[in-house]
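One structure is given below, encoded as structure tokens.
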Amino acid sequence: MSELANPDSVRAFVEQELIDCGAEPDTISDDVSLDELDIDSLAVVELVASVKRRYAVDVPFEEVPRTSTVSDVCELIRSRAAAS
């Protein structure tokens, strides 16, 4: 796994992306879902595009349902980055 995809940097990246999509910083925790953060499907598409730019990995939109937790999203990114 690259240094770029270490757990702390992925978590920080995801948190910043969620904030950029309108989530309140104090509501973001590992076990909160994207839906609970009011992250809509357009924001998920933007998140997936950001993941591709930052980590050069494809994460299909369908693999990030709004019921995913912040922890789920981070793990998905790390596993995709490790596989590439």
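Contact detail for L34 and V64: the closest heavy-atom pair is CD1-CG1, 3.8 Å. When all heavy atoms of D8 and N6 are compared, the closest pair comes out as N-OD1, 2.9 Å. Residues T69 and D31 approach most closely at CG2-O, 3.7 Å, considering heavy atoms. Heavy atoms only, all atoms of each residue included: R66 and S33 are closest at O-CB, 3.8 Å. Across every non-hydrogen atom of I39 and A23, the tightest pair is CD1-CB, 4.2 Å. The nearest pair of heavy atoms linking V70 to R11 is CG1-NE, 3.9 Å.
The existence of a salt bridge linking R80 and E63 is confirmed by a sub-4.0 Å separation between a basic side-chain nitrogen and an acidic carboxylate oxygen.
Once rounded to the nearest 0.5 Å, the distance linking OG of S9 with CZ of R54 reads 6.5 Å. One finds the CG atom of L47 at 11.5 Å from the CG atom of L42 (value rounded to the nearest 0.5 Å). The CG atom of L37 sits 6.0 Å away from atom CD1 of I28, with the distance rounded to the nearest 0.5 Å. One finds the CG atom of D38 at 11.5 Å from the CG atom of L18 (value rounded to the nearest 0.5 Å).
Counting heavy atoms from C-beta outward, S68 and P65 have side chains that approach closer than 4.5 Å.
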**OP:** Applying side-chain contact (heavy atoms from CB on, under 4.5 Å), run through K52 and V59 and close with a yes or a no.
**Re:** CA-CA 7 Å; K52 185 168 185 156; V59 175; over 6 Å; no

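The main-chain N or O of E17 is never found under 3.5 Å from a side-chain atom of D20 such that the two would form a donor-acceptor pair.
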